[in-house]
Amino acid sequence: MNYNKINPIPLDPIRTINSGQVFLWENHNNSWYGIDGNYILKITITGKERYKLSENKKFLSELENIDIDYNAFPEYKNWNYHFFRLYDNQELINKTLSKDPSILNIYKKYKGLRLIRQDPFQCIISFVCASNTNIKRIRYMLKNITKKFGKRVIYNNINFNLFPNVNELSEASIEELIGCGLGYRSKFVKSISNHIKNNLDLNSLKDMKYLEAKTELTKLFGIGNKIADCILLFSLEKTEAFPIDIWVYRALFQYYGWMFKDNSLIKSIKVPENKYKLIHNKINDYFGKYSGYVQQYLYYHIRESNKRTW
DNA sequence: ACCCAGGCCCTTG
DNA sequence: CAAGGGCATGGG
């Protein structure tokens, strides 16, 4: 059977920014505004449909009823190409997401969902905050962090706060972080900020191999397998990273149970930490270097089908 | 009251 | 090495 008829792949920016990858996007009037490190990104919906798919056009023109504010991200003239990874190998992504009927059906259903390339420091703090809580609270914590420690800016007559940089956030006390609602994560954020400020160049992680970079990240207090994979996938160019949280874990055994002979894996309520590497390896063997795209689709799908709120 | 949430750390056996 | 408890916090 030919599963490779969908080409080129589309982009749905609104779906993408509401898929649990980023947590600081807000809707004002007909526009979405997002904080990415030092920048405010803006996407305006101009058509009556929030996004119109046009099968026969390249992804370039599929943004036709989305108005991108190019001034917001000066380093990248067309920031949407950078942020939504539009220069990734379209054919290979398409092939990966069409690997078998299970993933192909999900791919077709949520077309336009893409990976985001985030500011690394913001991504690290975001997913440290994400441990053992829900998305609504992640948003709440991060919003509080920006309000307390980020530069205030006015853009389109709306008040925003940028995400604090390492130096700004390392000034925060544990008490202030607890005040932001981080709870026991406060000590992680404090420790990680100090460590990055003094001992770690985040950009150097981009040049390392997946495992090498992961080893560096998991040395940080509060970062384990899953959080490291989120950081690697969403901000450090490691598209083979496949974060396995409780939702992806459930999806794996619903659709890819055949991959795992060990039945004891299925019974666990939590993701078994000691089996994480084994699962990850099998996924990489099967899906290859763009495994991370599969993860995002599985995550999105399993949550949608359980009617979770974003 | 109890369980869960984009987990991780630490202690025990 | 494996298993299990604890952790902050709020919503269902």
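Within every chain, numbering begins at 1; the chains are lettered A, B, ... in the order of the sequence lines, protein sequences first and strands thereafter.
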Next on the checklist: Roughly how many Å apart are dA8(C) and dC3(B), using the C1' atom of each and rounding to a whole number?
Outcome noted: 15 Å

Checklist outcome for this item: Residues pairing under salt bridge (charged side-chain N to carboxylate O under 4.0 Å, His left out) where one sits in residues 206-221 of chain A, two or more places apart or in two chains, turn out to be K214(A)-D229(A), E216(A)-K219(A)

Item to check | E273(A): partners by salt bridge (charged side-chain N to carboxylate O under 4.0 Å, His left out), with sequence neighbours left out | outcome: none

Item to check | dG10(C) to dC8(B) separation - P atoms, rounded to the nearest Å | outcome: 22 Å

Using nucleotides 6-10 of chain B, report all nitrogen or oxygen pairs with the protein that are shorter than 3.5 Å.
residue : atom : partner : partner atom : Å
dG6(B)  : OP1  : I135(A) : N            : 2.5
dG6(B)  : OP2  : W247(A) : NE1          : 3.2
dG6(B)  : OP2  : R303(A) : NH1          : 2.5
dG6(B)  : O4'  : D245(A) : OD2          : 3.2
dG6(B)  : N7   : G20(A)  : O            : 2.8
dG6(B)  : N7   : Y299(A) : OH           : 3.2
dG6(B)  : O6   : G20(A)  : O            : 3.2
dG6(B)  : O6   : Q296(A) : OE1          : 3.4
dG6(B)  : N1   : Q295(A) : OE1          : 2.9
dG6(B)  : N2   : P243(A) : O            : 3.3
dG6(B)  : N2   : Q295(A) : OE1          : 2.2
dG7(B)  : OP2  : N132(A) : N            : 3.2
dG7(B)  : O5'  : N132(A) : N            : 3.2
dG7(B)  : O6   : K270(A) : NZ           : 3.1
dG7(B)  : N1   : N132(A) : ND2          : 3.3
dG7(B)  : N2   : Y184(A) : OH           : 2.9
dC8(B)  : OP1  : G224(A) : N            : 3.0
dC8(B)  : OP1  : G224(A) : O            : 3.3
dC8(B)  : OP1  : K226(A) : N            : 3.3
dC8(B)  : OP1  : I227(A) : N            : 2.9
dC9(B)  : OP1  : G222(A) : N            : 3.0

Next on the checklist: Using the salt bridge (charged side-chain N to carboxylate O under 4.0 Å, His left out) criterion, which residues pair with E176(A)? Sequence neighbours excluded.
Outcome noted: none

Item to check | For chain A, the stretch of DNA chain C it reaches, first to last nucleotide, under 4.0 Å of its heavy atoms | outcome: dA2(C) to dG10(C)

Item to check | Where at least one partner belongs to residues 121-136 of chain A, residue pairs that pass side chain to side chain donor-acceptor pair (under 3.5 Å), sequence neighbours excluded | outcome: S131(A)-Y184(A)

Checklist entry - Between Y293(A) and D88(A), is any side-chain donor less than 3.5 angstrom from a side-chain acceptor? => result yes

Checklist entry - Say you pick atom C1' in dG6(B) and the same atom in dA2(C); how far apart are they, in whole Å? => result 25 Å

Next on the checklist: My understanding is that only residues two or more places apart in sequence, or in another chain, count here; which of them pass salt bridge (charged side-chain N to carboxylate O under 4.0 Å, His left out) with R117(A)?
Outcome noted: E237(A)

Next on the checklist: Once salt bridge (charged side-chain N to carboxylate O under 4.0 Å, His left out) is applied, do any residues pair with K190(A), and if so which ones, sequence neighbours excluded?
Outcome noted: none

Checklist entry - Going by the salt bridge (charged side-chain N to carboxylate O under 4.0 Å, His left out) test, which pairs reach into residues 155-169 of chain A, not counting sequence neighbours? => result K151(A)-E168(A)

Next on the checklist: Strictly below 4.0 Å: does R250(A) bring a side-chain N or O up to OP1 or OP2 of dA5(B)?
Outcome noted: yes

Item to check | Spacing between I269(A) atom CD1 and dC2(B) atom P, to the nearest angstrom | outcome: 18 Å

Checklist outcome for this item: Walking DNA chain C from its 5' end, the first of N274(A) and L182(A) to be reached, judged by nearest nucleotide, is N274(A)

